[in-house]
Trainee: 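Pasting in a structure now, in structure tokens, and then I'll have a few things to ask.
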Amino acid sequence: MQRECDLFDLLPADRVDSVQRLLADIQITFVSCRFWRKDAPWRLSRRRVADSFLLAPIRGTVEVTLDHACYRVEPGDVLLLADGVHHALALVGPEPVLEQVALHCFVTNAWRQTLLSLFKTPVVHLPTGTDWHERLRRLSCLAAHNDDVAQRRAELLIADFLVALIEEGAPLEWPARSIDPRVASALQVVRDTYDADLTVDGLARKAGLSEVQFRHLFTRATGQTPRRYIVEHRLKVAVGL
């Protein structure tokens, strides 16, 4: 006898909600995906990259040093760093060889707020059930042949990867406040007309706020001043192009 199985409770409601929120307005811009093989000793001095950075060791252990802590990234783990995070990397442990896949991209919502910063810890386990190393290596191969194909493939792969992390319980922390609609309208203006002569005063007037009020609400909502946000948005668009 055939009977339909109800899988309604397979995922907790909070994870379903997180997947929905993630996919609602995720935007992905692919920058690069490279497979690297390094012999010990290997160290990458402290740096800050403009984009989001994912690193998945296949062989060897990487120690990542951030401003507030150190972490070890081992085979089976992945490092998730949001845009602009200062970090240093080094090969540690007895393994004399490091093999890793490094992926650079922008993963944002519609307002260009980075989504990797939602994860509470920068190091998480790779989701089970899929050979993510192989999928990343194939993306690296596609990027070497055709940028447009790699961009489309990266959009699918990165979204699938982040959803799998959420489904398997990677800890998330969504912002406590929803964005002020007046700030949201200003962010939309920046997104749609980033190449125009934008001014903070002009954005404030369009939002129906004084410049002081606008600066305060904008910074509270985005974590950046309006001018800084405009500059970084233009840089991200340029990198994507």
Side-chain angles (χ1 to χ4, degrees), residues 18-19 22-23 26-40 42-44 47-64 66 71-85 87-93 95-109 114-172 236 239-240:
S18 290
V19 170
L22 179 80
L23 295 179
I26 190 171
Q27 297 186 0
I28 298 168
T29 301
F30 174 69
V31 178
S32 67
C33 185
R34 303 275 176 78
F35 173 77
W36 297 97
R37 188 182 189 279
K38 305 286 186 179
D39 295 323
W42 175 78
R43 181 176 298 274
L44 188 63
R47 66 175 186 171
R48 176 183 181 272
V49 294
D51 50 49
S52 291
F53 177 55
L54 292 83
L55 184 146
I58 301 170
R59 179 182 175 190
T61 298
V62 176
E63 183 178 76
V64 54
L66 307 179
Y71 299 87
R72 288 202 168 193
V73 193
E74 300 177 340
D77 295 334
V78 61
L79 171 67
L80 307 173
L81 291 184
D83 305 6
V85 175
H87 62 279
L89 305 172
L91 173 61
V92 296
E95 178 62 62
V97 174
L98 172 64
E99 292 182 354
Q100 62 183 6
V101 182
L103 173 62
H104 289 266
C105 58
F106 293 105
V107 186
T108 64
N109 60 15
T114 182
L115 295 179
L116 291 192
S117 60
L118 298 175
F119 291 90
K120 290 184 179 181
T121 174
V123 179
V124 296
H125 294 302
L126 287 170
T128 59
T130 298
D131 188 344
W132 293 102
H133 291 140
E134 181 62 23
R135 295 183 70 180
L136 289 169
R137 281 194 291 248
R138 291 180 183 178
L139 176 61
S140 177
C141 178
L142 285 173
H145 286 277
N146 189 302
D147 289 339
D148 292 336
V149 173
Q151 168 63 36
R152 292 294 299 126
R153 185 70 185 95
E155 291 174 5
L156 298 171
L157 190 151
I158 294 170
D160 190 23
F161 178 71
L162 296 179
V163 166
L165 285 177
I166 294 172
E167 288 176 343
E168 296 202 1
L172 290 175
K236 290 177 180 179
V239 170

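All figures in this text were calculated on a predicted structure; none of them were measured in a lab.
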Trainee: Kindly indicate whether the side chain of Ile58, heavy atoms from C-beta on, has any atom under 4.5 Å from the side chain of Phe35.
Mentor: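 Yes - at least one pair of side-chain heavy atoms lies under 4.5 Å apart.
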Trainee: Quick one: pull up SG in Cys141 and CG in Leu136 and give me the separation to the nearest 0.5 Å.
Mentor: 13.0 Å
Trainee: Report the residues that fulfil side-chain contact (heavy atoms from CB on, under 4.5 Å) with Ala40, sequence neighbours left out, ordered by chain and then residue number.
Mentor: Leu91
Trainee: Between the side chain of Gln151 and the main-chain N/O of Phe30, is any donor-acceptor distance below 3.5 Å?
Mentor: yes
Trainee: Quick one: does Val62's side chain get under 4.5 Å of Leu79's, heavy atoms only?
Mentor: no
Trainee: Applying side chain to side chain donor-acceptor pair (under 3.5 Å), can you list everything that pairs with Arg43, at least two apart in sequence or on another chain?
Mentor: none
Trainee: Looking at every heavy atom in both Leu139 and Ala150, which two are closest together, and how far apart are they?
Mentor: CD1-O, 3.6 Å
Trainee: Going from CG on Leu89 to CZ on Arg47, what distance comes out if it is rounded to the nearest 0.5 angstrom?
Mentor: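 Going from the CG atom of Leu89 to the CZ atom of Arg47 covers 6.0 Å.
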Trainee: Applying side-chain contact (heavy atoms from CB on, under 4.5 Å), can you list everything that pairs with Leu156, at least two apart in sequence or on another chain?
Mentor: Arg153
Trainee: List the residues meeting salt bridge (Lys or Arg N to Asp or Glu O under 4.0 Å) with Asp160, not counting sequence neighbours, and say none if there are none.
Mentor: Arg135
Trainee: Of all the heavy-atom pairs spanning His87 and Val64, show the shortest one and how long it is.
Mentor: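 That would be CB-CG2, 4.2 Å.
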Trainee: Taking all non-hydrogen atoms of both residues into account, name the closest pair between Pro171 and Thr121 and its distance.
Mentor: CG-CG2, 4.2 Å
Trainee: Distance from Leu23 atom CG to Ile166 atom CD1, nearest 0.5 Å?
Mentor: 7.5 Å
Trainee: How long is the gap from CG on Leu54 to NE2 on His104, to the nearest 0.5 Å?
Mentor: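 If we round to the nearest 0.5 Å, Leu54:CG and His104:NE2 are 9.5 Å apart.
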Trainee: Mind checking side chain to side chain donor-acceptor pair (under 3.5 Å) for Ser18 and listing every partner two or more places apart, or none if nothing turns up?
Mentor: Trp174
Trainee: Between Arg48 and Gly84 (side chain of the first, backbone of the second, donor and acceptor by atom type, cut-off under 3.5 Å), is there such a pair?
Mentor: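 Answer holds: yes.
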Trainee: Considering only residues two or more places apart or on different chains, which pairs with a residue in residues 129-161 satisfy ring-ring contact (aromatic ring centres under 6.0 Å, His included)?
Mentor: Trp132-Phe161
Trainee: Side chains of Phe119 and Leu162, heavy atoms from C-beta outward: is any pair under 4.5 Å?
Mentor: yes
Trainee: Between the main-chain N or O of Glu74 and the side-chain N or O of Thr61, is there a donor-acceptor pair closer than 3.5 Å?
Mentor: no
Trainee: With sequence neighbours excluded, what pairs up with Glu168 under the salt bridge (Lys or Arg N to Asp or Glu O under 4.0 Å) test?
Mentor: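 Scan of Glu168 (salt bridge (Lys or Arg N to Asp or Glu O under 4.0 Å), adjacent residues dropped) gives none.
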Trainee: Return yes if some donor-acceptor pair links the side-chain N/O of Asp51 with the main-chain N/O of Asp83 below 3.5 Å, else return no.
Mentor: no
Trainee: Arg59: which residues meet the salt bridge (Lys or Arg N to Asp or Glu O under 4.0 Å) condition with it, sequence neighbours left out?
Mentor: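 So Arg59 forms a salt bridge (Lys or Arg N to Asp or Glu O under 4.0 Å) with Glu95.
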Trainee: Going by heavy atoms in the side chains, are Val97 and Arg37 under 4.5 Å from each other?
Mentor: yes
Trainee: I'd like to check the side chain to side chain donor-acceptor pair (under 3.5 Å) partners of Arg137; sequence neighbours left out, ordered by chain and number.
Mentor: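 For Arg137, the residues satisfying side chain to side chain donor-acceptor pair (under 3.5 Å) (neighbours in sequence not counted) are Glu134.
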Trainee: Nearest 0.5 Å, what's the CG-CG distance between Leu103 and Leu157?
Mentor: 8.0 Å
Trainee: Salt bridge (Lys or Arg N to Asp or Glu O under 4.0 Å) with Glu167: which residues, sequence neighbours excluded?
Mentor: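 By the salt bridge (Lys or Arg N to Asp or Glu O under 4.0 Å) rule, Glu167 matches no residue at all.
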Trainee: Taking side chain to side chain donor-acceptor pair (under 3.5 Å) as the definition, give me every residue that meets it alongside Arg34, ordered by chain and number, with sequence neighbours left out.
Mentor: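 None.
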Trainee: Of the non-hydrogen atoms in Ala50 and Phe106, which two are nearest, and what is the gap between them?
Mentor: O-CE2, 3.5 Å
Trainee: So, taking the atom named OG1 in Thr114 and the one named CG in Leu81, what distance separates them when rounded to the nearest 0.5 Å?
Mentor: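 Between Thr114 OG1 and Leu81 CG, I get 10.0 Å after rounding to 0.5 Å.
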Trainee: Considering non-hydrogen atoms only, spot the tightest contact between Ala82 and Ser117 and give its length.
Mentor: CB-N, 3.9 Å
Trainee: Closest heavy-atom contact between Cys105 and Val31?
Mentor: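 Shortest heavy-atom contact: CA-CG2, 3.9 Å.
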Trainee: Which residues pass the side-chain contact (heavy atoms from CB on, under 4.5 Å) test with Asn146, sequence neighbours left out?
Mentor: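 If we apply the side-chain contact (heavy atoms from CB on, under 4.5 Å) test to Asn146, skipping adjacent residues, the hits are Asp148, Val149.
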